[in-house]
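By convention in this document, chain letters (A, B, ...) are assigned in the order of the sequence lines, proteins followed by strands, and residues within each chain are numbered from 1.
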Amino acid sequence: MAQTEIRPRHAELGLVDEDVLAMYRAMLLARAVDERMWLMQRAGKIAFIISGQGHEGAQVAITWPMRKGVDWMAPFYRSIASTMTFGMSAEDIITAHLAKADDVSSGGRQMPGHYGGAPYNIVSLSSPVGTQVLHAVGIAMGAWVRGDDVVAMTSFGEGTSNQGEIHEAMNFAGVHRLPVIFACENNGYAISVPLDRQVGGGSVAARAAGYGMPGVTVDGSDPIACYAAAKEAHERARRGDGPTLIEARVVRLTSHSSDDDQRRYRDPAEVEALKARDPIPAFATELRQIGVLDDVTDERLRAEVKAEVNAASARAEARPEPTTSDAHERVYANPIAGSGTPTPLEPVDGGSH
Amino acid sequence: MAQTEIRPRHAELGLVDEDVLAMYRAMLLARAVDERMWLMQRAGKIAFIISGQGHEGAQVAITWPMRKGVDWMAPFYRSIASTMTFGMSAEDIITAHLAKADDVSSGGRQMPGHYGGAPYNIVSLSSPVGTQVLHAVGIAMGAWVRGDDVVAMTSFGEGTSNQGEIHEAMNFAGVHRLPVIFACENNGYAISVPLDRQVGGGSVAARAAGYGMPGVTVDGSDPIACYAAAKEAHERARRGDGPTLIEARVVRLTSHSSDDDQRRYRDPAEVEALKARDPIPAFATELRQIGVLDDVTDERLRAEVKAEVNAASARAEARPEPTTSDAHERVYANPIAGSGTPTPLEPVDGGSH
Amino acid sequence: MAQLNILEAIRSAMDEEMERDERVMVLGEDVGRKGGVFGATEGLWAKYGDKRVLDTPLTEAMIAGAAMGAAVYGLRPIAEMQFADFVYPAFNQIVSEISRIHYRSNGTFSAPMVIRMPYGGGVHGALYHSQSNEAYFTSTVGLKIVAPGTPADAKGLLKSAIRDPDPVMFFEHKKTYRMFKAEVPEGDTVVPIGRAAVARAGHHLSIVCYGYMRTVVLEAAETLAREDGLEAEVIDLRTLRPLDLDTVMTSVAKTGKALVVHEANRFGGFGAEVAAEIAEEGFEHLDGPVTRLAGPEVPGVPYHHNLEDWFMISPARVVDAARKLAAY
Amino acid sequence: MAQLNILEAIRSAMDEEMERDERVMVLGEDVGRKGGVFGATEGLWAKYGDKRVLDTPLTEAMIAGAAMGAAVYGLRPIAEMQFADFVYPAFNQIVSEISRIHYRSNGTFSAPMVIRMPYGGGVHGALYHSQSNEAYFTSTVGLKIVAPGTPADAKGLLKSAIRDPDPVMFFEHKKTYRMFKAEVPEGDTVVPIGRAAVARAGHHLSIVCYGYMRTVVLEAAETLAREDGLEAEVIDLRTLRPLDLDTVMTSVAKTGKALVVHEANRFGGFGAEVAAEIAEEGFEHLDGPVTRLAGPEVPGVPYHHNLEDWFMISPARVVDAARKLAAY
Ligand SMILES: Cc1ncc(C[n+]2csc(CCOP(=O)(O)OP(=O)(O)O)c2C)c(N)n1
Ligand SMILES: Cc1ncc(C[n+]2csc(CCOP(=O)(O)OP(=O)(O)O)c2C)c(N)n1
Ligand SMILES: [Mg+2]
Ligand SMILES: [Mg+2]
């Protein structure tokens, strides 16, 4: 399709046109799911939503080299596009948000945004930020000890990059050249606290040098640049050359979460300016420029995505709610009788109200 | 005294000959106290000793710019020379090791090596490595909030530099340009684990860039180089330009502690080679070369130091032992009656044996 | 007297103490311009500026450890943990350092500081925004632990905590923040640390609780009175460490029966200490077993409302447990 | 039957399990070439190599968190904390992550791993090399907690722990490491998690203990028998979570009196849970108050031997407490 003089960037990286279109579609789908979550939240169907809007370009592209069923991922709460690129379906995501009984992430036990999926090699996420980074490193350590050809990837924000556990994780990965990719999605804010109050010196990537690993900063609104960094990182990990820290500069298009209102701490002008860095129109423009995308295709993809989200929502909503009969189960893999081991709660009659 | 052609390094830094001689004497005194501790340990008077031998050059020189009664220090367990340079006496150190009732560090409550002294602005040290680094940063924060002209200094090993709290401490200091000096005494081992298994990339100083502060590596067996770095760091802190990370490459001349035997994990040749980097003969040679030290002075200083340690030991040994009458006191500054607040233990008659 | 909710009471305690004593400062995540994720520090940043109301990086160990350093230096920091669930990165600083510096330095250093933490469930926060993790701290010698249940107690106890020369962990049940308003004395009124309150007088059994459970238990007590003619005496501990056992035992000596209620899981919960003390001290008085009513043995409050309701202690469950005990 | 001390028993359990199952690995500070600061892993590095016996950087959060990642991935890591006192940097990983991943993933992930920790005082280790901090973990749902008191139990329970699909915290009292040798069954003998042992039969009172206290209490029991004609039944809990209340209650039903002994400070200690359970379950049987004997309320074992002796529970103190209770 491409009619440009120079070879398009993606071709240089070994991607064919179908690949970049598929990436674009993945971004559209993640955005559509995300937007649907907000609608459902406003409709009172979901108590809480934490969004990935603005991060999709980086997430799709950095996840792209990851091999499904082989590699592993320890995501964070904005990782809608990452987890979907790595195997989760729109229905999985929506089911988790609705906290249905058979939700693959947690069976309704966790809040929205706490992704996980044993079938997908996606490690179940908790809320304290940054803990997952050590899990990815532990998986990489496991693979290294066993001699398995496995790469682990983990994502986190720039505020989170200051947590001590991240330091310990990166250092350990650096010492043993473990096959792990650290993807920091730097959106400039940790809730209300801006980058210059979070990261001394302002660069997360600059920290890589202190662990003996490469640190690269990429424009997170440029999926091809992100892919290039991730491809290299993935190859490096597989070669046994160790970890890479990728800092993707992205934008947080929404408030921190549905509980936050960013107008309290961010200029209207600043918020307005974010739109110019939305990765989806940016990528669409690029794909049009290189002749990979046109109106017809774009409309077809958007229609497909919309239909997919509609169908996924309908199916997800129809799934059963959790009941309390097994609420005490699956606390231990091997429950041993004794005090402290969960048992069913006794029913109460409990007064007339 | 100096008769050399070029201006001696210390003069360039504004130190007069008496200063460098005083530094040399401080190193000798710290070494003598340290050696005395080992003797007392072997004699069964002290249960445990953790040594600063090999670190004295860096410790004396990095502490030198610190203003007594104004600045603050959060040391680590090897900081015999640092704490003595900052005000503790030989008698204070020996008394602490003997765990006497009026030991300034802890009144016999803590193990040897856990320095502290309210009269000296030296924050009481615990054992979990690295915790003290945040205290120094907190003091610097306090000074910054109040507008006080105060510098905080803290010391720790290269193994400890990997602890998450160090990352959080340095980053926070970097963000707000707090007046603090981070002195990493890199002796190449954390007990038995060598540098290349501890620090990804092998350089602690390289981490400073990731916090937006200068990181300098100095030869810890070269007191003048250490002083130069510390002087600059102290001035930077006072100017409001923020923290500095100094990595001093030192040697650990002894086993990790009296509980350790480094021959289990270190080559005899490696251990032998350490002596060449002992800062005390190295500094003596330099001082002789520049004409500041001669045999007479050296002997006088050594005799003085020996007498000082003898007198200090005698006085320390004569001090009273702690008794149990107040063992439950000074747990709370403001004890409030109630369960959980310590009370005296009831005496027991308890059986015939 | 002003009518305040608990959140307002907490905010006004901080404001008044910052006004009164310039050594008092607030630090934590989002406490500055945003005013905290629950709004506890709203307005303070504008009033006291960037340094005394300090937005820190997202690092709890640093918050606790730097607060301790500043306290040792002479300030009176109030450190906010955004949620009690996120205090664990600071655990080392709290239990190794903050709680121990006074003792280990033979009383020559101290850490006069407060750690404020929103805790508790019933807010759709699931496993990591609902924890009642007081038991990790109540066993720690050197700390004082406070968990108020009313606006007046929240304000008066926070003032005491800020002025206390020892480190105080201040547990704020987030479900109670805006739950109700109540009278709070105007002006500089402190509530002493270490004193329980008789929240309701009664003589059939004693129910011991704290925090949000005070509200739940009081509701249950009304039902018991109305439906069963049982007059429960409700003790709101307010301070968990040190424990005001005198007030508890005075009640138990009268009623002969004790029910201890808390939201956290039962095994190893703070109720174990209260129950064990009552059982040992009150052996002569008890005419029924010291009974605990606590959360189920699962690792956190689950999210789905069916599951969350299952987890939380309701007035109905208190009524049920009280009836069984009273029938003894 | 071999005669082993506790340290040898632990080492041989690890060795045999590593031999049996190549998924088992050891990681921690100085566990490799040095063989651990107490020698627990001596010889394993030479036998199993650099990766399966992995010297980590000095970072406890990393040790616990990476072990969990590896466990999720399919390995069976044994993580060593050099001293229990230094586990706190890993507290977040243990209580937020390791204990909860099974529940939060609805049973689809688990963390089959062991955290070994030398704990306890009486070794001149002072505040930070003497802690009995089990109570921070026993209240944590999702963990299993083991604290053996004999070589056979140490070996058999460590084998069970390594094979268990859940995370197990394994408390090794460092004073007992080389204290005595005793018979340990040869070969692949496991001791099940969750079962207490009657260490000594008796009928006058029950004394409940674990770890090093088993030795102290047994010595006291001999004195009581000899000097007072009192036959104490000694229950060694061995596993703290889950608690084998059946064995405890069988004893208490017989004796009518229970003394709970541990080394950690009393307020909020694990003994509170044991005492509260006995008080509630055993109300009908008790003819004396459930009594706790525990360490004093100071923030750690002090260093000077006068002070350390003051802190530690001695047989004499057990005798004293038992006499008072028996006289009830
Ligand atoms: C340990 C911990 N502390 C605090 C929080 C509350 N919290 C959730 S997200 C967040 C900000 C994270 O910022 P960043 O890492 O930059 O990621 P972003 O949300 O911007 O993508 C905070 C403070 C938490 N979840 N965990
Ligand atoms: C948190 C913690 N973990 C483990 C230990 C045990 N320990 C004491 S010193 C030490 C090694 C420290 O090495 P380094 O930081 O390089 O300092 P050095 O002793 O070499 O001067 C270790 C592992 C400890 N004190 N604290
Ligand atoms: Mg961010
Ligand atoms: Mg070292």
Between D/Glu134 and D/His262, is there a side-chain donor-acceptor contact under 3.5 Å, judged purely by atom types and distance?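 There is no such pair (donor and acceptor under 3.5 Å, judged by atom type) between the side chains of D/His262 and D/Glu134.
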With distance as the sole criterion, is a donor-acceptor pair present between the side chains of D/Gln131 and D/Tyr88 under 3.5 Å?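 Yes, because at least one side-chain N or O of D/Gln131 sits under 3.5 Å from a partner of the opposite role on D/Tyr88.
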When heavy-atom pairs shorter than 4.5 Å are enumerated against chain D, which of [options] gives the highest number?
options: B/Pro342, B/Gly159, B/Pro322; result: B/Pro322
options: B/Val331, B/Asp259, B/Val199; result: B/Val331
options: B/Gly200, B/Gly164, B/Ser127, B/Ala99; result: B/Ser127
options: B/Pro112, B/Ser161, B/Pro344, B/Gly130; result: B/Pro112
options: B/Pro347, B/Ser126, B/Ala190; result: B/Ser126
options: B/Asn162, B/Thr343, B/Ile191; result: B/Ile191

For the pair [X] and [Y], name the ring-plane relationship: parallel under 30°, tilted 30 to 60°, perpendicular over 60°.
X: D/Phe38; Y: D/Tyr177; result: tilted
X: B/Tyr189; Y: B/Tyr265; result: tilted
X: D/Phe83; Y: D/His129; result: perpendicular
X: B/Tyr77; Y: B/His256; result: perpendicular
X: B/His55; Y: B/Phe76; result: tilted

Just wondering, are more than 12 heavy atoms of other shown residues or ligands nearer than 6.0 Å to NZ in D/Lys47?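 Enclosed.
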Given heavy-atom pairs under 4.5 angstrom as the criterion, report whether the side chain, backbone, both or neither of [X] touches chain B.
X: D/Ser314; result: neither
X: D/Glu42; result: side chain
X: D/Phe267; result: side chain
X: D/Val37; result: side chain

Counting only non-hydrogen atoms closer than 4.5 Å, does B/Glu346 touch chain D with its backbone (N, CA, C, O), its side chain (CB onward), both, or neither?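 Contact with chain D: side chain only.
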Can you say whether B/Thr323 sits under 4.5 Å from chain D via the side chain, the backbone, both, or neither, judging by heavy atoms?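 Backbone only.
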Can you tell which of D/Glu60, D/Glu308, D/Met62 has the highest number of heavy-atom pairs within less than 4.5 Å of chain B?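 Most heavy-atom pairs within the cutoff with chain B belong to D/Glu60.
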Looking at D/Asp30, D/Asn306, D/Asp55, which one has more heavy-atom pairs under 4.5 Å with chain B than the rest?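 Top count of heavy-atom pairs under 4.5 Å with chain B: D/Asp30.
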Residues in salt bridge (Lys or Arg N to Asp or Glu O under 4.0 Å) contact with D/Arg52, at least two apart in sequence or another chain: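 Not a single residue meets the salt bridge (Lys or Arg N to Asp or Glu O under 4.0 Å) criterion with D/Arg52.
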